[in-house]
**Student:** 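Below are the structure tokens for one structure; questions will follow.
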Amino acid sequence: MTLFPPDAKGVVVLGGAQCTQASIRGKLARAEERKQGNVVSVQIETWDTAESRESVVLRASEGLPYGKVMVASSTELIAAGFSLKLEVDNDEAPNHYHVEFGSDISDAAIDRFIGCFGEPEANPAKGKK
């Protein structure tokens, strides 16, 4: 199991325009149906301080089919109690991670997760190859 390093600065991208209790519960339910556990899929790229936020978000968003994305920092998610596990089975992107909720999928845990993300923004990689 490879976890995103807690001391690294990473940009976390969640595809889609909704980050609500209902949408996150739906993502958790679909992951559980696939026997993945209580996880939400994201893409993460390490943010080198010499890079702009925009370039890192672009890299982290590559391959996502959504018109909108939401962005968080890895340090915020880790501080909120979540683990970030690399998950590249099934031909996933090399920057595909699972945000692991563990056994706590309470409303409070989902609110902590949602609170880490900013408002939806245009996916900078949409339509680019």
Side-chain angles (χ1 to χ4, degrees):
M1 170 169 68
T2 302
L3 296 177
F4 192 82
D7 57 343
K9 185 175 183 181
V11 169
V12 180
V13 173
L14 175 67
Q18 290 191 358
C19 199
T20 63
Q21 280 274 338
S23 68
I24 300 307
R25 285 215 175 274
K27 289 177 185 289
L28 289 166
R30 285 187 295 282
E32 184 61 33
E33 287 170 8
R34 292 188 295 259
K35 307 287 188 230
Q36 295 173 323
N38 294 321
V39 300
V40 173
S41 290
V42 296
Q43 292 189 173
I44 305 176
E45 287 288 337
T46 302
W47 188 353
D48 181 324
T49 54
E51 291 181 278
S52 68
R53 176 191 183 274
E54 292 76 21
S55 67
V56 182
V57 172
L58 171 62
R59 241 184 24 251
S61 301
E62 288 177 0
L64 292 176
Y66 307 97
K68 299 273 186 179
V69 296
M70 286 163 285
V71 180
S73 77
S74 60
T75 54
E76 284 180 285
L77 284 162
I78 292 168
F82 300 101
S83 296
L84 307 173
K85 184 179 104 179
L86 183 64
E87 184 58 56
V88 293
D89 293 341
N90 303 318
D91 296 323
E92 299 288 356
N95 62 347
H96 181 259
Y97 282 77
H98 281 164
V99 177
E100 296 186 319
F101 279 70
S103 61
D104 185 5
I105 56 170
S106 65
D107 287 350
I110 293 173
D111 284 343
R112 279 196 325 273
F113 175 80
I114 292 169
C116 293
F117 287 87
E119 294 297 315
E121 55 190 82
N123 178 350
K126 181 72 174 165
K128 295 183 181 177
K129 290 189 178 191

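The figures that follow rest on heavy atoms only: side chains count, while hydrogens, waters and symmetry mates do not. Quantities reported herein were computed from a predicted structural model and do not represent experimental measurements.
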**Student:** Phe117 vs Phe113 aromatic rings, parallel, tilted or perpendicular, using cut-offs 30° and 60°?
**Tutor:**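 Rings of Phe117 and Phe113: tilted, 30 to 60°.
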**Student:** What pair of heavy atoms forms the shortest contact from Ser83 to Leu3, and how long is it?
**Tutor:** CB-CD2, 4.3 Å
**Student:** Out of curiosity, does Leu14 fall in the hydrophobic cluster containing Val11 (side-chain heavy atoms, cut-off under 4.5 Å, transitive links)?
**Tutor:** no
**Student:** When clusters are formed by joining ILVMFWY residues with side-chain heavy atoms under 4.5 Å apart, either directly or through shared neighbours, do Val42 and Trp47 land in the same one?
**Tutor:**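 No: no chain of side-chain contacts under 4.5 Å links Val42 to Trp47.
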**Student:** How many angstroms lie between OG1 in Thr46 and CZ in Arg59, if you round to the nearest 0.5 Å?
**Tutor:**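 If we round to the nearest 0.5 Å, Thr46:OG1 and Arg59:CZ are 7.5 Å apart.
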**Student:** Look up atom CD1 in Ile24 and atom CD1 in Ile110, then write down how far apart they are to the nearest 0.5 Å.
**Tutor:**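 That separation rounds to 7.5 Å.
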**Student:** Identify the heavy atoms of Ser106 and Asp104 that sit nearest to each other, and give their distance.
**Tutor:** OG-OD1, 2.7 Å
**Student:** Are Val69 and Val99 connected into the same hydrophobic cluster when the rule is that any two of I, L, V, M, F, W, Y join if their side-chain heavy atoms are below 4.5 Å apart?
**Tutor:**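 Different hydrophobic clusters.
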**Student:** Ignoring hydrogens, what is the shortest heavy-atom contact between Asn95 and Tyr97? Give both atom names and the distance.
**Tutor:**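 Taking every non-hydrogen atom into account, O-CD1, 3.3 Å.
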**Student:** Which pair of heavy atoms, one from Ile114 and one from Cys19, lies closest together, and at what distance?
**Tutor:** CG2-O, 3.5 Å
**Student:** Supply the atom-to-atom distance Glu32 CD to Arg25 CZ, rounded to the nearest 0.5 angstrom.
**Tutor:** 12.5 Å
**Student:** Distance-only check: which donor-acceptor pairs under 3.5 Å involve side-chain atoms of residues 60-68, not counting sequence neighbours?
**Tutor:**
{"from": "Ser61", "atom 1": "OG", "to": "Val57", "atom 2": "O", "distance (Å)": "2.7"}

**Student:** Side chains of Val71 and Arg53: closer than 4.5 Å at any heavy-atom pair?
**Tutor:**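 Yes. Closest side-chain heavy atoms under 4.5 Å.
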**Student:** Measure from the side-chain N and O atoms of His96 to the backbone N and O of Glu87, and report whether any donor-acceptor pair falls under 3.5 Å.
**Tutor:** yes
**Student:** With rounding to the nearest 0.5 angstrom, report the SG to CG distance, Cys116 to Leu77.
**Tutor:** 4.0 Å
**Student:** Should we count CD of Gln21 as having more than 12 external heavy atoms under 6.0 Å?
**Tutor:**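 More than 12 heavy atoms, drawn from other residues, nucleotides or ligands, come within 6.0 Å of this atom.
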**Student:** When clusters are formed by joining ILVMFWY residues with side-chain heavy atoms under 4.5 Å apart, either directly or through shared neighbours, do Ile78 and Phe101 land in the same one?
**Tutor:** yes
**Student:** Closest approach of Ser74 and Phe4, non-hydrogen atoms and distance?
**Tutor:**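 Closest heavy-atom pair between Ser74 and Phe4: OG-CE2, 3.4 Å.
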**Student:** Are Met70 and Val40 grouped together when hydrophobic residues (ILVMFWY) are joined by side-chain heavy atoms under 4.5 angstrom apart?
**Tutor:**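 Yes, because Met70 and Val40 connect within a single hydrophobic cluster, where side-chain heavy atoms sit under 4.5 Å apart.
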**Student:** NZ/Lys27 to OG/Ser41 distance, rounded to the nearest 0.5 angstrom?
**Tutor:**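 Output value for this atom pair is 8.0 Å.
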**Student:** With rounding to the nearest 0.5 angstrom, report the OG to CG distance, Ser52 to Leu58.
**Tutor:** 9.0 Å
